[in-house]
Amino acid sequence: MIALPDSIDATQALLQSQGYVADRSLATVLFLALRMKRPLLLEGEAGTGKTEIAKVLSAALGRKLIRLQCYEGLDLASAVYEWNYAGQMMAIRLAEAGGVTGDRERLEADIFSEKYLVKRPLLQALEPQEGGAPILLIDELDRTDEAFEAFLLEVLADAQVTIPELGTIKAAEPPIVILTSNRTREIHDALKRRCLYHWVGYPDAARELAILKARAPGAPAKLAKQVVSFVQAIRKEELFKAPGVAETLDWASALVELDAVALDPALVSDTLGALLKYQDDIQAMQGSKVKELLDQVKAEARG
């Protein structure tokens with residue numbers, strides 16, 4: 001079992017070993033979450049690397065990653081458990097055929113045993129895992145409703161769930177819990193109080209360049225600098241959705257595939273679909289606007 005990092009610097013180095021370039025504030029709150037065994041709630045714009053933290057932790061620590069992808073209408077059957085109703089009905093039919101239906105309590109205990117329990121991500125995360133407690137990623141929590149948030153309070157506070165037919169199931173070792181939110185709605189205070197919190201914002205130019213070098217090492221140095229400068233500039237424009245780090249990496253990879261060594265207006269216009277995801281934003285950046293931003297990028301490079 002790989003030991004948890006024993007300092008903020010070690011936490012930062014652990015993330016760096018998997019190509020994740022974290023600033024010190026993020027490394028600090030992650031170190032505290034691991035040390036204090038508290039869930040960590042990460043909020044921020046889509047594409048800023050929130051989900052990636054859980055993946056990196058899983059790879060770096062050699063722990064199993066259990067992911068619960070949230071969506072509107074998510075319920076207990078999909079998130080925690082459900083019963084294998086077909087198997088239960090088969091057991092009842094077999095009991096009837098064997099003439100043992102008189103022992104009702106024994107039959108009920110059998111069909112509501114773990115043998116017929118279908119375990120979903122939250123319940124799986126409470127089970128012992130080879131290599132230590134798993135990483136539980138509850139992704140895009142803001143897509144669910146408040147009722148599901150209320151259920152999560154027991155899981156986050158006590159690392160347990162209650163199944164009426166079986167009782168309370170508690171983890172021998174609490175999982176490492178990472179929750180993410182794109183803040184399409186506010187998460188309730190009751191849930192936030194059970195977590196440590198960090199806002200994952202867009203990186204500055206130096207850190208974004210370091211991320212690009214770590215994740216897209218094939219990009220020429222000049223191209224990488226221009227890509228980062230252009231993305232930093234375009235985020236200051238009035239856009240429906242500014243590009244995140246994920247889009248920066250996608251765009252750089254696309255440019256490498258085209259054997260680009262530097263940006264020019266035609267190349268940028270042709271590849272904006274890798275960087276911007278809304279037609280209105282692409283339309284706003286076409287033509288003279290692209291040239292204006294590129295001229296700004298090149299002037300800053302000369303300066």
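These figures come from a predicted structure and were not determined experimentally.
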> By side-chain contact (heavy atoms from CB on, under 4.5 Å), which residues pair with Phe112, not counting sequence neighbours?
Replying inline: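 Phe112: side-chain contact (heavy atoms from CB on, under 4.5 Å) contacts with Trp83, Gln88, Glu108, Glu165.
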> Quick one: which of Ile53, Val56, Leu57, Leu61 gives a side-chain contact (heavy atoms from CB on, under 4.5 Å) with Gln18?
Replying inline: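 That would be Val56.
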Ignoring hydrogens and geometry beyond distance, is a side-chain donor-acceptor pair present between [X] and [Y] at under 3.5 Å?
| X | Y | value |
| --- | --- | --- |
| Asp250 | Ser253 | no |
| Thr180 | Glu140 | no |
| Gln279 | Gln283 | yes |

Are [X] and [Y] within salt-bridge range, i.e. N to O under 4.0 Å?
| X | Y | value |
| --- | --- | --- |
| Lys241 | Asp281 | no |
| Lys115 | Asp110 | yes |
| Glu127 | Lys64 | no |
| Asp6 | Arg35 | no |
| Glu237 | Lys289 | yes |

> Hydrophobic cluster mates of Val261, side-chain heavy atoms under 4.5 angstrom, ILVMFWY only, any path?
Replying inline: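 ILVMFWY cluster around Val261 holds nothing else.
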> Which distance, rounded to the nearest 0.5 Å, do you find between the CG of Leu4 and the CG of Leu34?
Replying inline: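 Rounded to the nearest 0.5 Å, the CG-CG separation comes out at 5.5 Å.
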>> Just verifying a value: how many Å separate Ser181 OG and Leu42 CG, rounded to the nearest 0.5 Å?
In response: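 Rounded to the nearest 0.5 Å, the OG-CG separation comes out at 10.0 Å.
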Quiz: residues 209-219 side-chain donor-acceptor pairs under 3.5 angstrom, not counting sequence neighbours:
unit_1: Arg215; atom_1: NE; unit_2: Gly19; atom_2: O; d: 3.0
unit_1: Arg215; atom_1: NH1; unit_2: Glu52; atom_2: OE2; d: 3.4
unit_1: Arg215; atom_1: NH2; unit_2: Glu52; atom_2: OE2; d: 3.3

> For the residue pair Ala274 and Lys277, what are the closest heavy atoms and their distance?
Replying inline: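 Nearest pair, atom of Ala274 first, then Lys277: O-NZ, 3.4 Å.
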